[in-house]
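Read through the structure below, which is laid out as C-alpha coordinates, and then see the notes.
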Amino acid sequence: MAAAAGPSVRCWLWQRRPLLCGPGPRPVPGGGAPLRPCSTRGAQRGIHKPVIDRIIRVDHAGEFGANRIYAGQMAVLGRSGVGPVIQQMWNQEKEHLKKFNELMVAYRVRPTVLLPFWNVAGFVLGAGSALLGKKGAMACTVAVEESISEHYNNQIRTLIEEDPEKYKELLQVIKQFRDEEQEHHDIGLEHDAEATPAYSVLKTAIQLGCKAAIFLSERI
Amino acid sequence: MWCLSGLFGSRVGPAWYPLLRVVSKGSQHYPPVRALQASAVLGRASNEHKEPLASPSQQHFDSPPAGHQPEQKPQGLHHSYTGQGGQQSEDYESEEQLQHRILTAALEFVPEHGWTAEAIAEGAKTLGLSVAAAGMFHSDGSELILHFVSECNSKLSELLQKEQKLVQLGEAEKKPIDEFLRDAVEARLRMLIPYIEKWPQALSILLLPRNIPSSLNLLTSMIDDIWHYAGDQSTDFSWYTRRAVLTGIYNTTELVMMQDSSPGFEDTWRFLENRVADAMAMSSTASQVQSTGEAVVQGLMGAAVTIKNLAGLNQRR
(Lines give C-alpha, C1' and ligand atoms only; values in the text may rest on other atoms or scores of the structure.)
Protein backbone atom coordinates (compact mmCIF):
# COMPACT_ATOMS: atom_id res chain seq x y z
CA MET A 1 0.00 0.00 0.00
CA ALA A 2 2.81 2.37 0.86
CA ALA A 3 4.62 1.42 -2.30
CA ALA A 4 1.54 2.01 -4.37
CA ALA A 5 0.77 5.25 -2.61
CA GLY A 6 4.33 6.46 -3.06
CA PRO A 7 4.48 7.06 -6.77
CA SER A 8 0.89 8.17 -7.05
CA VAL A 9 1.23 10.65 -4.24
CA ARG A 10 4.36 11.94 -5.83
CA CYS A 11 2.39 12.00 -9.05
CA TRP A 12 0.81 15.26 -7.94
CA LEU A 13 3.88 17.04 -9.17
CA TRP A 14 3.62 15.75 -12.69
CA GLN A 15 -0.04 16.48 -13.15
CA ARG A 16 0.13 20.09 -12.13
CA ARG A 17 -1.06 22.38 -14.82
CA PRO A 18 -1.46 26.10 -15.00
CA LEU A 19 -5.11 26.94 -14.75
CA LEU A 20 -5.88 27.77 -18.34
CA CYS A 21 -8.88 29.92 -19.15
CA GLY A 22 -9.63 28.42 -22.51
CA PRO A 23 -12.37 29.84 -24.68
CA GLY A 24 -15.48 27.74 -24.52
CA PRO A 25 -16.04 24.88 -22.15
CA ARG A 26 -12.61 23.34 -22.26
CA PRO A 27 -11.22 22.00 -19.04
CA VAL A 28 -7.55 22.06 -18.25
CA PRO A 29 -5.59 19.38 -20.03
CA GLY A 30 -3.43 16.95 -18.17
CA GLY A 31 -3.49 13.45 -16.74
CA GLY A 32 -4.97 12.95 -13.32
CA ALA A 33 -3.33 10.45 -11.02
CA PRO A 34 -5.76 7.68 -10.23
CA LEU A 35 -5.62 8.26 -6.49
CA ARG A 36 -6.25 11.95 -6.69
CA PRO A 37 -9.97 12.59 -6.49
CA CYS A 38 -9.76 16.12 -7.84
CA SER A 39 -6.96 16.58 -10.35
CA THR A 40 -6.14 20.03 -11.55
CA ARG A 41 -7.50 18.94 -14.89
CA GLY A 42 -11.04 19.49 -13.83
CA ALA A 43 -10.23 22.20 -11.40
CA GLN A 44 -10.74 24.93 -13.94
CA ARG A 45 -14.39 24.13 -14.37
CA GLY A 46 -14.70 22.71 -10.91
CA ILE A 47 -15.77 19.37 -12.31
CA HIS A 48 -14.79 16.02 -10.95
CA LYS A 49 -12.98 14.93 -14.09
CA PRO A 50 -12.57 11.19 -13.50
CA VAL A 51 -16.28 10.77 -12.74
CA ILE A 52 -17.41 12.82 -15.73
CA ASP A 53 -14.89 11.03 -17.94
CA ARG A 54 -16.38 7.67 -17.14
CA ILE A 55 -19.94 8.82 -17.48
CA ILE A 56 -19.45 10.34 -20.89
CA ARG A 57 -17.27 7.54 -22.15
CA VAL A 58 -19.70 4.80 -21.22
CA ASP A 59 -22.75 6.75 -22.41
CA HIS A 60 -21.09 7.42 -25.74
CA ALA A 61 -20.25 3.75 -26.08
CA GLY A 62 -23.83 2.86 -25.11
CA GLU A 63 -25.45 5.11 -27.67
CA PHE A 64 -22.97 3.92 -30.29
CA GLY A 65 -23.89 0.33 -29.49
CA ALA A 66 -27.61 1.09 -29.52
CA ASN A 67 -27.20 2.68 -32.94
CA ARG A 68 -25.56 -0.46 -34.26
CA ILE A 69 -28.23 -2.68 -32.70
CA TYR A 70 -31.00 -0.78 -34.48
CA ALA A 71 -28.96 -0.81 -37.68
CA GLY A 72 -28.76 -4.58 -37.42
CA GLN A 73 -32.47 -4.88 -36.77
CA MET A 74 -33.27 -2.61 -39.72
CA ALA A 75 -31.02 -4.66 -41.98
CA VAL A 76 -33.22 -7.69 -41.35
CA LEU A 77 -36.63 -6.23 -40.59
CA GLY A 78 -36.33 -2.97 -42.48
CA ARG A 79 -38.99 -3.79 -45.03
CA SER A 80 -41.36 -5.54 -42.67
CA GLY A 81 -44.37 -4.03 -40.90
CA VAL A 82 -42.36 -3.10 -37.84
CA GLY A 83 -39.70 -1.34 -39.91
CA PRO A 84 -40.98 2.23 -39.46
CA VAL A 85 -41.15 1.78 -35.69
CA ILE A 86 -37.56 0.59 -35.53
CA GLN A 87 -36.51 3.36 -37.90
CA GLN A 88 -38.06 5.98 -35.65
CA MET A 89 -36.32 4.59 -32.57
CA TRP A 90 -33.08 4.44 -34.53
CA ASN A 91 -33.39 8.11 -35.46
CA GLN A 92 -33.70 9.05 -31.82
CA GLU A 93 -30.60 7.01 -30.99
CA LYS A 94 -28.73 8.84 -33.73
CA GLU A 95 -29.64 12.12 -32.04
CA HIS A 96 -28.38 10.76 -28.74
CA LEU A 97 -25.08 9.71 -30.30
CA LYS A 98 -24.65 13.12 -31.88
CA LYS A 99 -25.17 14.79 -28.53
CA PHE A 100 -22.63 12.57 -26.83
CA ASN A 101 -20.12 13.19 -29.59
CA GLU A 102 -20.42 16.89 -28.83
CA LEU A 103 -20.10 16.35 -25.09
CA MET A 104 -17.08 14.13 -25.64
CA VAL A 105 -15.26 16.85 -27.54
CA ALA A 106 -16.32 19.55 -25.08
CA TYR A 107 -15.13 17.65 -22.02
CA ARG A 108 -12.10 16.18 -23.83
CA VAL A 109 -13.01 12.64 -22.92
CA ARG A 110 -11.28 9.72 -24.53
CA PRO A 111 -13.55 7.25 -26.31
CA THR A 112 -13.43 3.63 -25.26
CA VAL A 113 -10.90 1.43 -27.06
CA LEU A 114 -13.59 -1.18 -27.55
CA LEU A 115 -15.58 0.90 -30.04
CA PRO A 116 -14.73 -1.25 -33.05
CA PHE A 117 -15.80 -4.25 -31.03
CA TRP A 118 -19.13 -2.70 -30.01
CA ASN A 119 -19.58 -1.77 -33.66
CA VAL A 120 -19.61 -5.40 -34.72
CA ALA A 121 -21.20 -6.84 -31.59
CA GLY A 122 -24.09 -4.38 -31.68
CA PHE A 123 -24.87 -5.09 -35.30
CA VAL A 124 -24.68 -8.84 -34.72
CA LEU A 125 -26.99 -8.58 -31.70
CA GLY A 126 -29.50 -6.49 -33.62
CA ALA A 127 -29.45 -8.67 -36.70
CA GLY A 128 -29.47 -11.87 -34.63
CA SER A 129 -32.44 -10.83 -32.55
CA ALA A 130 -34.29 -9.67 -35.67
CA LEU A 131 -33.77 -13.08 -37.28
CA LEU A 132 -35.84 -14.48 -34.41
CA GLY A 133 -38.67 -12.43 -35.83
CA LYS A 134 -40.38 -9.19 -34.94
CA LYS A 135 -41.00 -10.33 -31.38
CA GLY A 136 -37.36 -11.25 -30.98
CA ALA A 137 -36.26 -7.82 -32.12
CA MET A 138 -38.70 -6.19 -29.73
CA ALA A 139 -37.50 -8.42 -26.88
CA CYS A 140 -33.94 -7.32 -27.58
CA THR A 141 -35.06 -3.71 -27.58
CA VAL A 142 -36.87 -4.14 -24.27
CA ALA A 143 -33.86 -5.80 -22.64
CA VAL A 144 -31.35 -3.24 -23.87
CA GLU A 145 -33.52 -0.22 -23.13
CA GLU A 146 -34.26 -1.47 -19.63
CA SER A 147 -30.53 -1.87 -19.00
CA ILE A 148 -29.80 1.55 -20.34
CA SER A 149 -32.58 3.23 -18.34
CA GLU A 150 -31.32 1.67 -15.14
CA HIS A 151 -27.78 2.70 -16.01
CA TYR A 152 -28.83 6.30 -16.69
CA ASN A 153 -30.71 6.36 -13.41
CA ASN A 154 -27.55 5.30 -11.61
CA GLN A 155 -25.62 8.06 -13.29
CA ILE A 156 -28.26 10.63 -12.41
CA ARG A 157 -28.04 9.50 -8.80
CA THR A 158 -24.24 9.79 -8.88
CA LEU A 159 -24.31 13.27 -10.35
CA ILE A 160 -26.96 14.47 -7.93
CA GLU A 161 -24.93 13.14 -5.03
CA GLU A 162 -21.87 14.98 -6.34
CA ASP A 163 -23.39 18.37 -7.06
CA PRO A 164 -26.66 18.94 -8.89
CA GLU A 165 -25.88 22.57 -9.62
CA LYS A 166 -22.50 22.03 -11.20
CA TYR A 167 -23.70 19.27 -13.48
CA LYS A 168 -27.07 20.77 -14.33
CA GLU A 169 -26.60 20.63 -18.09
CA LEU A 170 -25.30 17.08 -18.09
CA LEU A 171 -28.08 15.98 -15.74
CA GLN A 172 -30.67 17.50 -18.04
CA VAL A 173 -29.26 15.65 -21.04
CA ILE A 174 -29.12 12.32 -19.23
CA LYS A 175 -32.63 12.73 -17.83
CA GLN A 176 -34.04 13.48 -21.25
CA PHE A 177 -32.27 10.52 -22.78
CA ARG A 178 -33.39 8.25 -19.99
CA ASP A 179 -36.99 9.25 -20.65
CA GLU A 180 -36.62 8.52 -24.34
CA GLU A 181 -35.02 5.14 -23.69
CA GLN A 182 -37.92 4.36 -21.36
CA GLU A 183 -40.27 5.21 -24.24
CA HIS A 184 -38.45 2.75 -26.46
CA HIS A 185 -38.78 0.15 -23.76
CA ASP A 186 -42.53 0.73 -23.62
CA ILE A 187 -42.83 0.61 -27.40
CA GLY A 188 -41.04 -2.73 -27.33
CA LEU A 189 -43.50 -4.08 -24.78
CA GLU A 190 -46.43 -2.79 -26.84
CA HIS A 191 -45.20 -4.79 -29.81
CA ASP A 192 -45.45 -8.13 -28.01
CA ALA A 193 -41.87 -8.44 -26.88
CA GLU A 194 -42.95 -10.68 -24.00
CA ALA A 195 -44.54 -13.15 -26.37
CA THR A 196 -41.13 -14.17 -27.69
CA PRO A 197 -40.27 -17.80 -27.07
CA ALA A 198 -37.65 -18.03 -24.27
CA TYR A 199 -38.23 -14.36 -23.51
CA SER A 200 -36.79 -14.41 -20.00
CA VAL A 201 -33.67 -16.32 -21.04
CA LEU A 202 -33.08 -13.98 -23.93
CA LYS A 203 -33.69 -10.93 -21.78
CA THR A 204 -31.35 -12.10 -19.00
CA ALA A 205 -28.59 -12.98 -21.44
CA ILE A 206 -28.80 -9.62 -23.20
CA GLN A 207 -28.87 -7.71 -19.95
CA LEU A 208 -25.82 -9.58 -18.67
CA GLY A 209 -24.05 -8.62 -21.86
CA CYS A 210 -25.06 -5.01 -21.37
CA LYS A 211 -23.76 -4.98 -17.82
CA ALA A 212 -20.43 -6.37 -18.99
CA ALA A 213 -20.27 -3.82 -21.80
CA ILE A 214 -20.95 -0.99 -19.37
CA PHE A 215 -18.32 -2.24 -16.93
CA LEU A 216 -15.67 -2.51 -19.63
CA SER A 217 -16.46 0.73 -21.42
CA GLU A 218 -16.22 2.72 -18.21
CA ARG A 219 -12.71 1.50 -17.62
CA ILE A 220 -11.16 0.72 -20.96
CA MET B 1 12.04 4.70 2.60
CA TRP B 2 11.25 7.07 -0.18
CA CYS B 3 7.88 5.47 -0.66
CA LEU B 4 7.08 6.05 2.95
CA SER B 5 7.93 9.67 2.45
CA GLY B 6 5.56 9.60 -0.47
CA LEU B 7 2.89 8.21 1.81
CA PHE B 8 3.32 11.08 4.18
CA GLY B 9 3.70 13.52 1.35
CA SER B 10 1.22 16.07 0.29
CA ARG B 11 -1.66 14.15 1.81
CA VAL B 12 -0.53 14.82 5.31
CA GLY B 13 0.48 18.35 4.65
CA PRO B 14 3.23 20.61 5.70
CA ALA B 15 6.82 19.93 4.84
CA TRP B 16 8.50 18.25 7.73
CA TYR B 17 10.40 15.96 5.47
CA PRO B 18 13.85 16.59 6.87
CA LEU B 19 12.57 15.09 10.07
CA LEU B 20 11.16 12.09 8.39
CA ARG B 21 14.45 10.26 8.19
CA VAL B 22 14.78 10.36 11.92
CA VAL B 23 11.17 9.59 12.66
CA SER B 24 10.42 5.97 13.27
CA LYS B 25 8.70 4.03 10.58
CA GLY B 26 6.10 2.90 13.04
CA SER B 27 4.02 6.03 13.00
CA GLN B 28 1.98 5.35 9.95
CA HIS B 29 -0.83 7.79 10.34
CA TYR B 30 0.02 10.52 12.77
CA PRO B 31 3.25 12.42 12.52
CA PRO B 32 5.01 12.86 15.81
CA VAL B 33 4.77 16.16 17.64
CA ARG B 34 8.29 16.98 16.58
CA ALA B 35 7.26 16.78 12.99
CA LEU B 36 4.39 19.13 13.67
CA GLN B 37 6.82 21.58 15.17
CA ALA B 38 9.15 21.27 12.23
CA SER B 39 6.21 21.86 9.98
CA ALA B 40 5.36 24.93 11.98
CA VAL B 41 8.89 26.08 11.54
CA LEU B 42 8.95 25.43 7.82
CA GLY B 43 5.48 26.77 7.39
CA ARG B 44 6.23 30.04 9.06
CA ALA B 45 9.58 30.30 7.38
CA SER B 46 8.13 29.99 3.92
CA ASN B 47 5.35 32.38 4.74
CA GLU B 48 5.06 34.66 1.75
CA HIS B 49 4.81 32.74 -1.48
CA LYS B 50 7.38 34.12 -3.81
CA GLU B 51 9.32 36.48 -1.66
CA PRO B 52 12.76 35.55 -0.52
CA LEU B 53 12.63 34.14 2.94
CA ALA B 54 13.53 36.48 5.72
CA SER B 55 16.95 35.57 7.01
CA PRO B 56 16.01 34.93 10.64
CA SER B 57 13.52 32.30 9.56
CA GLN B 58 16.10 30.77 7.28
CA GLN B 59 18.10 29.88 10.31
CA HIS B 60 15.45 27.34 11.21
CA PHE B 61 16.13 25.41 8.06
CA ASP B 62 19.79 25.16 8.79
CA SER B 63 19.14 23.13 11.88
CA PRO B 64 19.72 19.51 10.92
CA PRO B 65 16.87 17.06 10.58
CA ALA B 66 17.32 15.67 14.00
CA GLY B 67 17.41 19.17 15.32
CA HIS B 68 15.59 20.18 18.42
CA GLN B 69 13.08 22.95 18.52
CA PRO B 70 12.22 23.30 22.15
CA GLU B 71 11.62 27.00 21.70
CA GLN B 72 9.12 26.27 18.94
CA LYS B 73 7.00 24.00 21.08
CA PRO B 74 4.37 26.56 22.08
CA GLN B 75 4.01 27.99 18.58
CA GLY B 76 4.03 24.54 16.98
CA LEU B 77 0.97 23.49 18.85
CA HIS B 78 -0.88 26.64 17.84
CA HIS B 79 -0.21 26.01 14.22
CA SER B 80 -3.34 24.30 13.01
CA TYR B 81 -2.86 20.94 11.46
CA THR B 82 -4.73 21.60 8.28
CA GLY B 83 -2.65 19.35 6.16
CA GLN B 84 -5.15 16.59 5.59
CA GLY B 85 -5.72 16.90 1.88
CA GLY B 86 -2.79 19.11 1.05
CA GLN B 87 -5.02 22.10 1.83
CA GLN B 88 -3.36 25.32 2.70
CA SER B 89 -4.35 28.35 4.69
CA GLU B 90 -3.46 31.72 3.31
CA ASP B 91 -0.07 32.33 4.82
CA TYR B 92 1.06 28.75 4.62
CA GLU B 93 3.11 27.21 1.86
CA SER B 94 2.21 23.61 1.20
CA GLU B 95 4.86 21.01 0.83
CA GLU B 96 3.98 20.70 -2.81
CA GLN B 97 4.73 24.33 -3.44
CA LEU B 98 8.00 24.07 -1.57
CA GLN B 99 9.10 21.06 -3.57
CA HIS B 100 8.06 22.81 -6.74
CA ARG B 101 10.20 25.82 -5.87
CA ILE B 102 13.22 23.71 -5.01
CA LEU B 103 13.03 21.75 -8.24
CA THR B 104 12.58 24.87 -10.33
CA ALA B 105 15.62 26.40 -8.70
CA ALA B 106 17.56 23.18 -9.25
CA LEU B 107 17.06 23.27 -13.01
CA GLU B 108 19.73 25.88 -13.58
CA PHE B 109 22.33 23.57 -12.06
CA VAL B 110 21.46 20.66 -14.29
CA PRO B 111 23.81 21.47 -17.19
CA GLU B 112 26.63 21.36 -14.68
CA HIS B 113 25.67 18.54 -12.32
CA GLY B 114 23.29 16.52 -14.45
CA TRP B 115 19.92 15.27 -13.24
CA THR B 116 21.16 14.38 -9.80
CA ALA B 117 20.66 15.06 -6.16
CA GLU B 118 23.58 17.50 -6.35
CA ALA B 119 21.65 19.75 -8.67
CA ILE B 120 18.68 19.63 -6.28
CA ALA B 121 20.95 20.42 -3.35
CA GLU B 122 22.40 23.40 -5.21
CA GLY B 123 18.92 24.55 -6.01
CA ALA B 124 17.87 24.28 -2.41
CA LYS B 125 20.91 26.32 -1.44
CA THR B 126 19.93 29.20 -3.70
CA LEU B 127 16.57 29.31 -1.93
CA GLY B 128 18.32 29.55 1.37
CA LEU B 129 17.40 26.06 2.45
CA SER B 130 19.83 23.52 3.76
CA VAL B 131 21.22 20.98 1.31
CA ALA B 132 19.43 18.35 3.39
CA ALA B 133 16.29 19.47 1.61
CA ALA B 134 17.50 17.34 -1.28
CA GLY B 135 16.73 14.41 0.97
CA MET B 136 13.06 15.01 0.21
CA PHE B 137 13.64 13.63 -3.23
CA HIS B 138 14.83 10.38 -4.59
CA SER B 139 18.56 10.13 -5.14
CA ASP B 140 18.47 9.49 -8.86
CA GLY B 141 16.88 12.81 -9.74
CA SER B 142 13.63 11.29 -11.06
CA GLU B 143 11.49 14.00 -9.55
CA LEU B 144 13.64 16.69 -11.07
CA ILE B 145 13.25 15.23 -14.53
CA LEU B 146 9.53 14.67 -14.14
CA HIS B 147 9.15 18.21 -12.84
CA PHE B 148 11.03 19.53 -15.84
CA VAL B 149 8.90 17.55 -18.28
CA SER B 150 5.75 18.72 -16.57
CA GLU B 151 6.88 22.33 -16.75
CA CYS B 152 7.73 22.00 -20.44
CA ASN B 153 4.32 20.52 -21.13
CA SER B 154 2.65 23.38 -19.32
CA LYS B 155 4.64 25.89 -21.31
CA LEU B 156 3.67 24.15 -24.51
CA SER B 157 0.00 24.24 -23.48
CA GLU B 158 0.18 27.95 -22.83
CA LEU B 159 1.92 28.55 -26.13
CA LEU B 160 -0.68 26.58 -28.07
CA GLN B 161 -3.48 28.28 -26.26
CA LYS B 162 -2.09 31.71 -27.06
CA GLU B 163 -1.86 30.76 -30.71
CA GLN B 164 -5.42 29.51 -30.63
CA LYS B 165 -6.59 32.81 -29.17
CA LEU B 166 -4.81 34.73 -31.93
CA VAL B 167 -6.48 32.61 -34.57
CA GLN B 168 -9.86 33.12 -32.96
CA LEU B 169 -9.36 36.85 -32.82
CA GLY B 170 -8.55 36.71 -36.50
CA GLU B 171 -5.05 38.02 -35.99
CA ALA B 172 -3.38 34.90 -37.33
CA GLU B 173 -4.04 32.37 -40.02
CA LYS B 174 -5.15 28.93 -39.05
CA LYS B 175 -2.27 26.61 -39.86
CA PRO B 176 -2.78 23.44 -41.86
CA ILE B 177 -2.54 20.37 -39.69
CA ASP B 178 0.88 19.14 -40.75
CA GLU B 179 2.44 22.55 -40.19
CA PHE B 180 0.69 22.85 -36.83
CA LEU B 181 1.94 19.48 -35.64
CA ARG B 182 5.42 20.21 -36.89
CA ASP B 183 5.57 23.55 -35.12
CA ALA B 184 4.16 22.17 -31.88
CA VAL B 185 6.64 19.28 -31.73
CA GLU B 186 9.50 21.57 -32.67
CA ALA B 187 8.54 24.10 -29.99
CA ARG B 188 8.39 21.36 -27.40
CA LEU B 189 11.72 19.83 -28.43
CA ARG B 190 13.43 23.20 -28.44
CA MET B 191 12.78 23.42 -24.71
CA LEU B 192 15.27 20.59 -24.34
CA ILE B 193 18.09 22.47 -26.01
CA PRO B 194 19.62 24.03 -22.86
CA TYR B 195 19.73 20.56 -21.27
CA ILE B 196 20.55 18.56 -24.33
CA GLU B 197 23.89 17.34 -23.05
CA LYS B 198 22.36 15.57 -20.09
CA TRP B 199 19.05 14.66 -21.69
CA PRO B 200 20.00 11.08 -22.68
CA GLN B 201 20.62 10.43 -19.02
CA ALA B 202 17.20 11.83 -18.23
CA LEU B 203 15.55 9.65 -20.86
CA SER B 204 17.06 6.53 -19.39
CA ILE B 205 15.88 7.49 -15.91
CA LEU B 206 12.38 8.13 -17.24
CA LEU B 207 12.34 4.59 -18.55
CA LEU B 208 12.91 3.07 -15.13
CA PRO B 209 9.93 0.90 -14.23
CA ARG B 210 9.25 3.06 -11.22
CA ASN B 211 8.93 6.17 -13.36
CA ILE B 212 7.11 4.73 -16.30
CA PRO B 213 3.54 5.45 -15.12
CA SER B 214 4.34 9.11 -14.51
CA SER B 215 6.38 9.63 -17.65
CA LEU B 216 3.82 7.84 -19.77
CA ASN B 217 1.09 9.95 -18.25
CA LEU B 218 2.98 13.14 -19.05
CA LEU B 219 3.73 12.02 -22.59
CA THR B 220 0.15 11.05 -23.37
CA SER B 221 -1.29 14.24 -21.94
CA MET B 222 1.14 16.33 -23.97
CA ILE B 223 0.23 14.52 -27.19
CA ASP B 224 -3.45 14.86 -26.35
CA ASP B 225 -2.93 18.59 -25.82
CA ILE B 226 -1.26 19.02 -29.18
CA TRP B 227 -4.06 17.21 -30.99
CA HIS B 228 -6.69 19.11 -29.07
CA TYR B 229 -5.27 22.44 -30.17
CA ALA B 230 -4.78 21.11 -33.68
CA GLY B 231 -8.54 20.83 -33.74
CA ASP B 232 -8.98 17.09 -33.47
CA GLN B 233 -12.60 16.26 -32.81
CA SER B 234 -12.59 12.56 -33.46
CA THR B 235 -14.72 10.39 -31.23
CA ASP B 236 -13.99 7.03 -32.76
CA PHE B 237 -10.96 4.79 -32.98
CA SER B 238 -9.02 7.35 -34.97
CA TRP B 239 -8.67 9.20 -31.64
CA TYR B 240 -6.21 6.49 -30.72
CA THR B 241 -4.47 6.10 -34.06
CA ARG B 242 -3.77 9.83 -34.33
CA ARG B 243 -2.25 9.97 -30.89
CA ALA B 244 -0.23 6.84 -31.46
CA VAL B 245 1.19 8.25 -34.70
CA LEU B 246 2.09 11.57 -33.13
CA THR B 247 3.71 9.84 -30.15
CA GLY B 248 5.85 7.86 -32.58
CA ILE B 249 6.85 11.02 -34.42
CA TYR B 250 7.70 12.81 -31.20
CA ASN B 251 9.76 9.99 -29.71
CA THR B 252 11.76 9.30 -32.86
CA THR B 253 12.45 12.99 -33.40
CA GLU B 254 13.59 13.32 -29.80
CA LEU B 255 16.04 10.46 -30.29
CA VAL B 256 17.34 11.96 -33.52
CA MET B 257 17.85 15.23 -31.70
CA MET B 258 20.01 13.52 -29.10
CA GLN B 259 22.71 12.73 -31.60
CA ASP B 260 22.23 15.61 -33.97
CA SER B 261 25.27 17.83 -34.30
CA SER B 262 24.14 20.01 -37.17
CA PRO B 263 23.99 23.76 -36.60
CA GLY B 264 20.68 24.75 -35.05
CA PHE B 265 19.52 21.14 -35.17
CA GLU B 266 18.46 21.53 -38.80
CA ASP B 267 18.77 17.80 -39.42
CA THR B 268 16.29 17.16 -36.65
CA TRP B 269 13.73 19.61 -38.00
CA ARG B 270 14.10 18.17 -41.46
CA PHE B 271 13.58 14.67 -40.05
CA LEU B 272 10.50 15.92 -38.25
CA GLU B 273 9.12 17.46 -41.42
CA ASN B 274 9.57 14.19 -43.29
CA ARG B 275 7.92 12.15 -40.56
CA VAL B 276 4.90 14.43 -40.39
CA ALA B 277 4.61 14.31 -44.18
CA ASP B 278 4.75 10.51 -43.99
CA ALA B 279 1.96 10.51 -41.44
CA MET B 280 -0.21 12.76 -43.59
CA ALA B 281 0.40 10.57 -46.62
CA MET B 282 -0.42 7.52 -44.55
CA SER B 283 -3.70 8.99 -43.40
CA SER B 284 -4.72 10.00 -46.91
CA THR B 285 -3.79 6.52 -48.13
CA ALA B 286 -5.87 5.07 -45.32
CA SER B 287 -8.90 7.13 -46.29
CA GLN B 288 -8.42 6.16 -49.94
CA VAL B 289 -8.32 2.50 -48.97
CA GLN B 290 -11.44 2.99 -46.91
CA SER B 291 -13.40 4.63 -49.72
CA THR B 292 -12.25 1.96 -52.14
CA GLY B 293 -13.38 -0.64 -49.65
CA GLU B 294 -16.75 1.04 -49.28
CA ALA B 295 -17.17 1.16 -53.03
CA VAL B 296 -16.39 -2.53 -53.24
CA VAL B 297 -18.92 -3.28 -50.51
CA GLN B 298 -21.55 -1.25 -52.34
CA GLY B 299 -20.83 -3.24 -55.46
CA LEU B 300 -21.21 -6.52 -53.60
CA MET B 301 -24.46 -5.39 -51.98
CA GLY B 302 -25.78 -4.44 -55.38
CA ALA B 303 -24.87 -7.86 -56.69
CA ALA B 304 -26.52 -9.54 -53.71
CA VAL B 305 -29.75 -7.58 -54.18
CA THR B 306 -29.78 -8.43 -57.87
CA ILE B 307 -29.40 -12.11 -57.10
CA LYS B 308 -32.13 -11.94 -54.47
CA ASN B 309 -34.44 -10.29 -56.94
CA LEU B 310 -33.68 -12.88 -59.60
CA ALA B 311 -34.27 -15.68 -57.11
CA GLY B 312 -37.51 -14.10 -55.96
CA LEU B 313 -36.34 -13.82 -52.36
CA ASN B 314 -36.91 -10.11 -52.12
CA GLN B 315 -40.57 -10.19 -51.25
CA ARG B 316 -42.25 -7.99 -48.66
CA ARG B 317 -42.91 -10.14 -45.62
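Chain A is the first sequence line, chain B the second, and so forth, proteins listed ahead of strands; every chain is numbered from 1.
Closest of all the heavy-atom pairs between His60(A) and Thr235(B) is CE1-O, 3.2 Å. Heavy atoms only, all atoms of each residue included: Asp236(B) and Leu115(A) are closest at CA-CD1, 3.8 Å.
In this structure, the side chains of Tyr240(B) and Pro111(A) come closer than 4.5 Å at one or more pairs of heavy atoms.
Atom CZ of Phe117(A) has 12 or fewer heavy atoms from other residues, nucleotides or ligands within 6.0 Å. Applying the 6.0 Å contact sphere to CD of Glu171(B) captures more than 12 heavy atoms from other residues, nucleotides or ligands.
In this structure Asn119(A) satisfies the side chain to side chain contact (heavy atoms under 4.5 Å, CB included) test together with Phe64(A), Arg68(A), sequence neighbours excluded. Remark: Asn91(A) pairs with Gln87(A), Lys94(A) by the side chain to side chain contact (heavy atoms under 4.5 Å, CB included) rule, at least two apart or across chains.
With a 4.5 angstrom heavy-atom cutoff, Val113(A) touches chain B via backbone and side-chain atoms both.
Between Gln233(B) atom CD and Met104(A) atom CE the span is 12.5 Å, to the nearest 0.5 Å.
Between chain B and the residues Asn101(A), Leu114(A), Val109(A), the most heavy-atom pairs under 4.5 angstrom are made by Asn101(A).
Ion pairing between Arg108(A) and Asp232(B) fails under the 4.0 Å rule for side-chain N and carboxylate O.
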